[in-house]
Every structure is written in C-alpha cells, then in structure tokens.
Student: 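Pasting in a structure now, in structure tokens, and then I'll have a few things to ask.
We number each residue from 1, following the sequence as shown.
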Amino acid sequence: MRVQARRLIARSPAPARARVAALVGPGNPNAAFIAPDLSFLYIAVPKAANSTIKRALLALQGVEVEDAGAMHAIRAVKDGYLRLHELDSGQARRVLRGPGTFRFTFVRNPYERMVSAYKDKVLGLNQNHPEGFAANLFAGGEAPSFAAYVRAYTAIDDWRSDIHWRSQHMNAAVDVVPYDLIGRVETFEQDFGAVLARIAPGSPATRLVRPTNISPADAADPVYTEELAERVYRRYARDFSLFGYDPADYPRARSDSSSSPVAGGLK
C-alpha cells in the first residue's frame, strides 16, 4: 500500500512538496539539508559522497565530524539545518522551486555506485558501516557474489528499492527540483568547490574535505562482465542519459578489455 501511494504521488499533479516528501520527508530525514535562512537546499544521493558533503555542511555550523563512523555521527547530530517536513507551505515552495535558494545534489557513475554499495552495504568493508547491510535479499550469513548481487538488485523496481540502489534521478527528485548544480563524484573537488563558493564564500570552515565514504579502487574490486554491465545499464538507463555517463565505462577484467562496449548492444 505504501509503495502504491508513493507511485501515485510521483505520477500525479500533486504539489512539488508532496512529491518530494515521498522521497525526503519524515521517513528519511537526513536526505535533505536546508539552510536556516533557506538560502540553499542539498538533497543527498546515497553512495555519491553524501556523507562527505554533510560533514562539510555541518562544519559550516561549527560541528566537526571525524572520518571514522561519519554516518553514524551525522545521524546523531542535532544540527542547525532544516528538513523539508519542517517547513510551512510558503517556505517549501521557495526552497523547492522559488528564487533565492541555491539547489544542489551530487551523482556518480552508476557502475561504480553499484560496486561501492556492494563493498559497503553488503560486504561491510567501509569503516563507516562495519556491520554491512542486514536487510538484504539473501538468507543466511554468507555474502553473495558480486554477480548474484547485481542480478538480484537490478531486478527490483525503483520504488521498492532501498535508497542505496534506487535510481539517482529518483533519489534527487530531478523531475521536480530545478537544480542549480548537479555535481559529479568524479569531479568532486571542482564541483563541490563551486558549491562552497556559492553558499559560504570566504568561510574558514569551507576548506575542502575529500570524500571519505568512497571505497578506493584496488585490484580485488569486483569487475563487470558484459552481461552484468547490461543489467546495470538497463536498470539505470535514465541516470546514464541524464547525467552524461558513458554506458561503456564499466570496470572490467583485463582479459575482458577488448570485448565490445556494452553500449553497442543497448541502443
């Protein structure tokens, strides 16, 4: 019933606030950070440097969050930011669509995002989430292979997905929110530098923080076969198109480097 209601909200001519609240309302309170003076809105896309961005935003309020356990600390902080469900109708209209509010979010290559979610939420390799992701599709205590994971999670409808596997355009509500800047993890320093220059020019708290919740690539990282890449591409095709990511740009085994690009069979 809840999923059906959310779908109806997304497809109906309901006010923007109601449509966005289905994604970043009281049930997901840390998905949106709104400046106390309504001068900016950040909507988080999980696995796209969002904990790093939140740490930087908290620093602007004088709250320092250490790297280790960052997400747990961020959830516990009673910070100075507003949430969408705390605004009245006039404030919500201004923040979501009106002048005077700088709106931004960040996205990531969908292939890399799937790898990051697997390493963090399934294997629990990230120090910020050492417990891994308990509410998964697999029974028992043994982690699934990367191939089994991709096949399972790409088969889930967007509205039924956990936010870490939901499409980035859906998490960010891009059909409703007219963003001033959609940054990319791949160009984080440049893009987030532009954000800081806009929302806090000259502030000593804006010294650039680098992403801490992005697992570095290494030789043991999962790689894609053409079949797995095709599944991810089909599942997140709109993310690839909207945010300008190359469907052929997926991590592949060295022996697979000469195989035909996934885009070739996915017109």
Student: Taking Arg166's backbone N and O only, do any of them form a donor-acceptor pair with Asp158's side chain (distance below 3.5 Å, no angle check)?
Tutor: no
Student: Mark yes or no for whether Gln61, through its side chain, and Leu58, through its backbone, hold a donor-acceptor pair below 3.5 Å.
Tutor: no
Student: Please name the pair of heavy atoms, one in Val115 and one in Pro222, separated by the smallest distance, quoted to 0.1 Å.
Tutor: CG1-CD, 4.0 Å
Student: Main chain of Glu112, side chain of Ser116: is a donor-acceptor contact present, judged purely on distance under 3.5 Å?
Tutor: no
Student: Can you find a pair of side-chain heavy atoms, one from Ile199 and one from Leu60, that are under 4.5 Å apart?
Tutor: yes
Student: Let me check something: do Val45 and Ile156 share a hydrophobic cluster, defined by ILVMFWY side-chain heavy atoms less than 4.5 Å apart, either directly or through other members?
Tutor: no
Student: Would you please classify the geometry between the Phe146 ring and the Tyr118 ring as parallel, tilted or perpendicular, with 30° and 60° separating the classes?
Tutor: perpendicular
Student: Just by modelled atom types, is the Ile163 backbone N or O under 3.5 Å from a matching donor or acceptor in the Asn171 side chain?
Tutor: yes
Student: Hey, what's the ring geometry for Phe188 with Phe106, parallel, tilted or perpendicular (30° and 60° as the breaks)?
Tutor: tilted
Student: Ignoring hydrogens and geometry, is there a side-chain-to-backbone donor-acceptor pair from Arg93 to Gly98 under 3.5 Å?
Tutor: no
Student: Between the main-chain N or O of Ala147 and the side-chain N or O of Tyr224, is there a donor-acceptor pair closer than 3.5 Å?
Tutor: no
Student: Can you name the nearest heavy-atom pair linking Thr154 to Arg235, along with the distance?
Tutor: O-CD, 3.2 Å
Student: Salt-bridged, Arg238 to Asp175, with N to O below 4.0 Å?
Tutor: yes
Student: I'd like to know if the side chain of Asp180 and the backbone of Phe104 have a donor-acceptor N/O pair within less than 3.5 Å.
Tutor: no
Student: Answer yes or no for Arg113 and Tyr111: cation-pi contact, defined as NZ/CZ to six-membered ring centre under 6.0 Å and angle to ring axis within 45°.
Tutor: no
Student: Output, in order, the C-alpha distance, side-chain angles, deciding distance and verdict of side chain to side chain donor-acceptor pair (under 3.5 Å) for Tyr250 and Arg252.
Tutor: CA-CA 6 Å; Tyr250 61 89; Arg252 46 169 65 82; 3.1 Å; yes
Student: Assess whether a salt bridge exists between Lys47 and Asp120, defined as any Lys/Arg side-chain N lying under 4.0 Å from an Asp/Glu carboxylate O.
Tutor: yes
Student: Has the side chain of Ser241 got a donor or acceptor atom that lies under 3.5 Å from a matching backbone atom of Ala237?
Tutor: no
Student: Parallel under 30°, tilted from 30 to 60°, perpendicular over 60°: which one fits the rings of Tyr233 and Phe240?
Tutor: tilted
Student: So, the side chain of Thr225 versus the backbone of Leu228: is there a donor-acceptor pair under 3.5 Å, distance only?
Tutor: yes
Student: For the hydrophobic clusters of this structure (ILVMFWY residues joined by side-chain heavy atoms under 4.5 Å, transitively), does one cluster hold both Val223 and Val150?
Tutor: no
Student: Any idea how Tyr42 and Phe33 line up, ring-wise: parallel (<30°), tilted (30 to 60°), or perpendicular (>60°)?
Tutor: perpendicular
Student: Should Leu123 and Val232 be counted in the same cluster of Ile, Leu, Val, Met, Phe, Trp and Tyr side chains packed under 4.5 Å apart?
Tutor: yes
Student: Looking just at side-chain N and O atoms, do Gln168 and Tyr236 make a donor-acceptor pair shorter than 3.5 Å?
Tutor: no
Student: Counting distance only, does the side-chain N/O of Glu230 pair as donor-acceptor with the main-chain N or O of Glu227 below 3.5 Å?
Tutor: no
Student: Checking Tyr179 against Phe102 for the side chain to side chain contact (heavy atoms under 4.5 Å, CB included) test, could you report, in this order, the C-alpha distance in whole Å, the side-chain angles of both residues, the deciding distance, and whether it holds?
Tutor: CA-CA 8 Å; Tyr179 284 100; Phe102 177 72; over 6 Å; no
Student: Please say whether the positively charged group of Arg108, taken as NZ for Lys or CZ for Arg, lies over the ring of Phe243, i.e. under 6.0 angstrom from the six-membered ring centre and within 45 degrees of the axis.
Tutor: no
